[in-house]
Protein chains: 2
Amino acid sequence: MAEYSVSALSRLIEQFERLPGIGHKSAARLAYHVLSMPEQEAKKFSDAILDAHKKIHYCSICCNLSDTDICSICSDERRDRSIICVVEDTKDVMALEKTREFNATYHVLHGVISPLSGISPDMIRIKELLLRLNNDEVKEVIMATNATVEGEATAMYVSKLIKPMGIKVTRLAYGIPVGADLEYADEVTLSRAIQGRNEI
Amino acid sequence: MAEYSVSALSRLIEQFERLPGIGHKSAARLAYHVLSMPEQEAKKFSDAILDAHKKIHYCSICCNLSDTDICSICSDERRDRSIICVVEDTKDVMALEKTREFNATYHVLHGVISPLSGISPDMIRIKELLLRLNNDEVKEVIMATNATVEGEATAMYVSKLIKPMGIKVTRLAYGIPVGADLEYADEVTLSRAIQGRNEI
């Protein structure tokens, strides 16, 4: 008995299955959804994938993703160029931009130093950051890598390289998330919150 | 302050967000994954979407999805054409094919009658099924629509149309799923299991 298969459909399911967090059943569901779209919509989806690949590259200043040579943040004249906020990836830039309170520029490392995963300092965009510090009149670098072991180690490593240049290096504050119960905060977060306490 | 955006990237995120079960965060994660793919892989993904749309249509016999005019099941000579199994959609065909025990042909309705959602009998592929019954030497029609209210009603409706033609109409057996605990079976399933009991 020949097994039932529609090769174009199984190829599409396979493609969805390669995406992170998508198993076989979800992939099939997504593929059927794409099939049920009007042809025009499917074309738009397909074009968006190719477009993103063709047009997006790294900003030549901050290494963030951009579809222009210099990204919209770096080219914005109202931004304060004396402060650079160093983050792990583009998603972090988006998260910080959502606060609408930060008016400085960014530098995207595209990763963290992680000897266990074989990622050494020269594999992330530290060189590019140091180059910016030589040229620009930067007064402060905010290390905003994640509060993980690797994020922490990367922040330490980078700050040791920058401090001799006479530039102030800061780190995002640790503490209890706004709206969270003390009861459910882990001990490390709590003890950091106590260390970093402020006068009211 | 101009908001940070990479238009090609946000377009891609938007496209992923339109898929069922994908929220904004997942869509962003998938879009970043697509960006990190080698260009060749992205091209393959994009092509798979277009291809599926261009090549897949309904089998002119059983209305199942196919990339040939007549699907691989309908064109398989070893299949028993005297039995037609009527299902709601292509996913059901795939599920039944996985049992590797069913050697007959299918008919895909592409939906169920559902007055509440405004789906009337002429909006699903019942006409096409009746046409097949007129032409072919069909001896049995197995109604394998889902065990839901709509699936049940559709099975009833279709069987009332077919019975006058002198064709046997059957329905899949209801009962306790293999491997399940009696304790956790709902009452309707249990009472159906008792009604449908077999001698051993």
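Lettering follows sequence order; numbering is per chain, from 1.
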When the ring planes of A:H110 and A:Y58 are compared, do they come out parallel, tilted or perpendicular, using 30° and 60° as the limits?
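A:H110 and A:Y58: tilted rings.
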Looking at B:V34, B:L35, B:D51, which makes the most heavy-atom pairs under 4.5 Å with chain A?
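Of B:V34, B:L35, B:D51, B:L35 has the most heavy-atom pairs under 4.5 Å with chain A.
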Of the listed residues (B:M37, B:K91, B:Q15), which shares the most heavy-atom pairs with chain A below a 4.5 Å separation?
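So the answer, after comparing B:M37, B:K91, B:Q15, is B:Q15.
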Using modelled atom types and a 3.5 Å cut-off, is there a donor and acceptor pairing between side-chain atoms of A:N146 and backbone atoms of A:T148?
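Not confirmed, A:N146 side chain does not pair with A:T148 backbone.
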A:R171 side chain to A:T145 side chain, donor-acceptor N/O pair below 3.5 angstrom
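Distance-only check passes for A:R171 and A:T145.
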Between A:L50, A:I22, A:T68, the one whose heavy-atom pairs under 4.5 Å with chain B are most numerous
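Of the candidates given, the most pairs with chain B belong to A:L50.
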Identify which of A:S46, A:A28, A:A8 forms the greatest number of heavy-atom pairs closer than 4.5 Å to chain B.
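The answer is A:S46.
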Please report the C-alpha distance between A:N64 and A:S66 in whole Å, then the side-chain angles of each, then the deciding distance to 0.1 Å, and finally whether the side-chain hydrogen bond (donor to acceptor under 3.5 Å, both in side chains) criterion is met.
CA-CA 6 Å; A:N64 195 1; A:S66 168; over 6 Å; no
Below 4.5 Å from any heavy atom of chain A, which atoms of B:I56 appear? Answer side chain, backbone, both or neither.
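Just the side chain, heavy atoms under 4.5 Å.
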B:K55 versus chain A, the contacting section by heavy-atom distance below 4.5 Å
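Interface part for B:K55: side chain.
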Flag the pair B:Y174 / B:V188 as yes when at least one side-chain heavy-atom distance between them is below 4.5 Å, and no otherwise.
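No; the side chains remain at least 4.5 Å from each other.
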